[in-house]
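As the structure is a prediction and not an experimental result, all values here were calculated from the model.
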Amino acid sequence: MKTAIYPGSFDPVTNGHLDIIKRAAKMFDKVVVVVLINPLKSYSFTIPERCEFLKKATAEIPNIEIDSYDGLLADYFNIRQDIDVIVKGLRATSDFEYEFQMAHTNKDLNHRAETVFIPASLNTTFVSSSMVKQVAMFDGDLKNYVPACIHEQIRSKLTSDFAEAKRKAAAADGSLRKGQ
């Protein structure tokens, strides 16, 4: 049985992530989608929220497991002896440069940690969690970017969080006008 791990922050999970998950699920007997913490990032959603979004978005895919981990991916790979390979999605050349470096780092830290790259589908190559947050910031339509089953939860949380941030910014700078 071949088991892959698909790590990420998934803040929030996007249709691009879901595309990679579905494609990996066809290649491997089991795919463990693990929410990792990057201390250099700030998050809009808690780990339990991100895990719940992933569970809902992947509910129809039988060979998916959702987990979370607060540490190095290479260490998680070592703890989970049933995992054979790391799956990473690539959207652009810039992703490749970063992920290539991470693949070598993981391999250096754990000799079993092989990485397989899956290129993003053409219709999701531009979709990122950061882009979703930016669209939500201005109450844009997220339907094409996040799974339908969690769209409203993501939209509601992001738009309310950003509305509050905009109110605070406007109070601090009385010259802020809509659209600027």
Could you tell me which residues satisfy ring pair (Phe, Tyr, Trp, His ring centres under 6.0 Å) with [X], sequence neighbours excluded, listed by chain and number?
{"X": "Y98", "value": "none"}
{"X": "H151", "value": "none"}
{"X": "F45", "value": "F53"}

Tell me whether the rings of F126 and Y145 are parallel (<30°), tilted (30 to 60°) or perpendicular (>60°). perpendicular
With salt bridge (Lys or Arg N to Asp or Glu O under 4.0 Å) as the rule and sequence neighbours excluded, what pairs involving residues 21-34 come up? D19-R23, K30-E65
Atom pair CG (D139) and OG1 (T159), whose distance is rounded to the nearest 0.5 Å: 5.5 Å
As an exercise, state the distance from CD of E99 to CZ of R91, rounded to the nearest 0.5 Å. 9.0 Å
So if you build clusters from Ile, Leu, Val, Met, Phe, Trp, Tyr with side-chain heavy-atom gaps below 4.5 Å, do V32 and I37 land together? no
Examine Y6 and F28 and state if one hydrophobic cluster contains both, with Ile, Leu, Val, Met, Phe, Trp and Tyr joined whenever side-chain heavy atoms are less than 4.5 Å apart. yes
For E60, side-chain contact (heavy atoms from CB on, under 4.5 Å) partners two or more places apart: none
Does any pair with a residue in residues 42-52 pass side chain to side chain donor-acceptor pair (under 3.5 Å), and if so which ones, sequence neighbours excluded? T46-E49
Is any side-chain N of the basic residue among D11 and K133 closer than 4.0 Å to the acidic one's carboxylate O? yes
Step by step, would you call D141 with V135 a side-chain contact (heavy atoms from CB on, under 4.5 Å)? CA-CA 7 Å; D141 187 357; V135 171; 5.9 Å; no
From the list V13, V146, N15, side chain to side chain contact (heavy atoms under 4.5 Å, CB included) partner of V132 resolves to V146
Testing V34, V35, L54 one by one against D67 for a side chain to side chain contact (heavy atoms under 4.5 Å, CB included), which residue passes? V34
Any side-chain donor near an acceptor of the partner, S9 and K41, under 3.5 Å: yes
